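First comes the structure, then the notes that go with it.
Everything quoted here is computed from the prediction, not taken from an experiment. Numbering of ligands and ligand atoms starts at 1, following listing order. Counting begins at 1 with the first residue of the sequence. Hydrogens, waters and symmetry mates are skipped; everything else that's a heavy atom, side chains included, is used.
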Amino acid sequence: MTSHAELLEIATTVARRAAAFALQRRRDGVEIAASKSSLSDIVTRADRETEQLIRDALAAARPRDGFLGEESGGDTSQSGLTWVVDPIDGTVNYFYGIPAWAVSIAVVEGDPEPSTWRALAGAVVNPVAREAYTAYVGGGAHLNGAEIHVNEGVGLSLALVGTGFGYDAEVRRRQATFVQELIGDVRDIRRIGAASLDLCSVAAGRLDGYFERGLNPWDHAAGALIAQEAGARVAGIEGCPADRRLLVAAAPDLFEHLHPRAERFYAERFDDGQ
Ligand code: IPD
Ligand code: CA
């Protein structure tokens with residue numbers, strides 16, 4: 001049986017290779033290949049090529065494992081493990097040349113479904129910043145090999161809180177009303193533009209907390225494990241694991257204040273039941 005540390009080694013090696021490839025593609029010039037859920041939800045040629053590189057590398061190293069990727073869908077697992085991949089998280093940043101995008105690779109046990117999976121290892125690599133965030137379950141969280149921890153003891157009024165918005169205009173408007181409600185009660189709000197890096201920022205103490213609704217599994221699979229291993233609480237609605245309805249991540253004391261606020265707002269304003 002492969003250890004969690006060995007799985008992390010695979011995730012990190014492949015994420016580093018993919019990140020270097022995507023960075024080279026960025027230097028060569030970005031090309032939009034298509035729009036997805038809305039005109040602003042873009043996919044570049046590099047997203048697709050990077051995912052293919054990752055898919056091929058993982059299939060070679062772990063042929064019996066499943067795969068779930070943002071751009072190319074899934075392969076069922078024969079081993080019980082599945083690799084959950086966002087080839088370029090922060091695609092809009094990538095397109096504009098804003099240095100906050102990352103390759104995110106996690107390996108999970110069970111169905112590739114955030115409400116039931118158990119994340120075993122994850123790597124988030126930002127090649128522009130030359131930063132690799134890594135964690136395996138029970139092994140702590142690391143940034144370029146150095147242990148990282150969440151900020152403890154920060155009250156809501158002094159918290160720097162990250163968030164993100166979906167691509168659908170109506171959903172964004174409603175999400176913005178919660179930011180409007182919260183912004184007077186916290187130190188400030190950041191919208192960095194890559195969910196995986198938001199979660200890693202909580203892990204590294206660059207943000208005190210983070211919340212977002214509407215995330216896809218590949219946006220948070222690796223980052224949520226890294227945040228948890230750095231000491232964060234990460235959860236969704238009503239004590240459930242994070243899913244599309246909500247993800248909140250923060251040190252446990254801040255989580256106690258941030259989570260009920262987000263949960264109350266989203267329960268009242270979104271009644272889509274998912
Ligand atoms: C998006 C980013 C963004 C978040 C969106 C995600 P993508 O992923 O993580 O920060 O707010 O919810 O969809 O499209 O750049 O891979
Ligand atoms: Ca993403």
Side-chain angles (χ1 to χ4, degrees), residues 15 18-19 22-23 25-26 30 32-51 54 67-74 83-106 112 114 122-129 133 161-176 178-179 189-203 206-207 209-227 234 236 242-249 262 266 270 274:
L23 183 59
R25 277 285 182 267
R26 182 73 193 63
V30 190
I32 295 185
S35 294
K36 297 192 285 186
S37 59
S38 76
L39 278 179
S40 54
D41 185 6
I42 53 169
V43 53
T44 69
R45 193 134 79 89
D47 286 87
R48 291 179 174 167
E49 290 174 335
T50 307
E51 182 155 318
I54 296 168
F67 182 88
L68 177 65
E70 173 159 23
E71 312 302 343
S72 64
W83 295 85
V84 182
V85 170
D86 195 339
I88 299 179
D89 186 34
T91 299
V92 175
N93 286 346
Y94 181 80
F95 180 56
Y96 278 83
I98 297 170
W101 54 272
V103 175
S104 173
I105 300 182
V124 173
V125 175
N126 174 345
V128 186
Y133 297 88
V161 178
T163 192
F165 303 102
Y167 288 108
D168 177 87
E170 184 44 40
V171 171
R172 297 165 72 80
R173 281 193 194 99
R174 276 190 281 168
Q175 290 176 313
F178 181 52
V179 171
I189 301 272
R190 292 287 179 271
R191 197 293 191 244
I192 291 168
S196 59
L197 291 177
D198 289 317
L199 285 158
C200 290
S201 296
V202 171
R206 293 175 181 177
L207 287 175
Y210 164 68
F211 66 90
E212 186 161 347
R213 183 193 156 82
L215 290 177
N216 290 301
W218 42 82
D219 294 321
H220 62 91
L225 175 65
I226 292 164
V234 181
D243 59 19
R244 286 192 65 82
R245 295 175 298 172
L246 184 65
L247 180 150
V248 178
Y266 283 105
F270 291 83
Q274 60 147 349

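- Polar contact with ligand 1: absent for V92 (N/O pair, distance under 3.5 Å).
- Less than 4.0 angstrom separates some heavy atom of I88 from each of these atoms of ligand 1: 16 (O).
- The backbone and the side chain of A195 each have at least one atom closer than 4.0 Å to an atom of ligand 1 (non-hydrogen atoms only).
- Annotation for ligand 1: atoms under 4.0 Å from non-hydrogen atoms of D89 are 1 (C), 2 (C), 7 (P), 8 (O), 9 (O), 15 (O), 16 (O).
- Note: no N/O pair closer than 3.5 Å links N216 and ligand 1 by distance alone.
- Taking 4.5 Å as the limit, every side-chain heavy atom of F95 sits out of range of all side-chain heavy atoms of D47.
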Just do the side chain to side chain contact (heavy atoms under 4.5 Å, CB included) check on L197 and D89 with the steps written out, would you? CA-CA 8 Å; L197 291 177; D89 186 34; 5.8 Å; no
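- Here's the thing with G193: one of its N/O atoms is less than 3.5 angstrom from an N/O atom of ligand 1.
- Those atoms of ligand 1 that come under 4.0 Å of a heavy atom in G164, given as number and element, are 11 (O).
- N93 places a side-chain N or O within donor-acceptor distance of the main-chain N or O of I192, the cut-off being under 3.5 Å.
- Close contacts of ligand 1 with Y167, meaning ligand atoms under 4.0 Å from a residue heavy atom, involve 1 (C), 7 (P), 13 (O), 14 (O), 15 (O).
- Remark: F67 pairs with no residue by the ring-ring contact (aromatic ring centres under 6.0 Å, His included) rule, at least two apart or across chains.
- With a 4.0 Å heavy-atom cut-off, ligand 1 is reached by no atom of R213.
- Across the listed options R244, R191, H220, R191 owns the non-hydrogen atom lying nearest to atom 3 (C) of ligand 1.
- The ligand atoms of ligand 1 that sit less than 4.0 angstrom from a heavy atom of G90 are 7 (P), 15 (O), 16 (O).
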Please evaluate residues R48 and E51 with respect to the criterion salt bridge (charged side-chain N to carboxylate O under 4.0 Å, His left out), reporting the C-alpha separation (whole Å), side-chain torsions for both, the decisive distance (0.1 Å), and the verdict. CA-CA 5 Å; R48 291 179 174 167; E51 182 155 318; over 6 Å; no
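- The distance from ligand 1 to the heavy atoms of T91 drops below 4.0 Å at these ligand atoms: 15 (O), 16 (O).
- For ligand 1, none of its N or O atoms has an N or O atom of D198 under 3.5 Å away.
- Proximity to E212 (heavy-atom distance under 4.0 Å) selects the following atoms of ligand 1: 4 (C), 5 (C), 11 (O), 12 (O).
- The atoms of ligand 1 that sit less than 4.0 Å from any heavy atom of F165 are 5 (C), 11 (O), 12 (O).
- The main-chain N or O of F211 is found under 3.5 Å from a side-chain atom of T163 such that the two form a donor-acceptor pair.
- Protein atoms of type N, O or S found under 3.0 Å from the Ca ion (ligand 2) total 3.
- The side-chain hydrogen bond (donor to acceptor under 3.5 Å, both in side chains) test applied to Q175 returns no partner, not counting sequence neighbours.
- For the side-chain contact (heavy atoms from CB on, under 4.5 Å) with D86, the qualifying choice from T50, N216, I105, D219 is D219, the only one to do so.
- For R213 (side chain) and D243 (main-chain N/O), no donor-acceptor pair under 3.5 Å exists by modelled atom type.
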Assess the residue pair L199 and V124 against the criterion (side chain to side chain contact (heavy atoms under 4.5 Å, CB included)); give the C-alpha distance rounded to whole Å, side-chain angles, the decisive distance to 0.1 Å, and a yes or no. CA-CA 10 Å; L199 285 158; V124 173; over 6 Å; no
Criterion side chain to side chain contact (heavy atoms under 4.5 Å, CB included) on W83 and I54, from CA distance to verdict: CA-CA 10 Å; W83 295 85; I54 296 168; over 6 Å; no
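- Partners of W101 by ring-ring contact (aromatic ring centres under 6.0 Å, His included), not counting sequence neighbours, listed by chain and number: Y94.
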Carefully, step by step, assess V84 and W218 under the rule side chain to side chain contact (heavy atoms under 4.5 Å, CB included). CA-CA 5 Å; V84 182; W218 42 82; 4.0 Å; yes
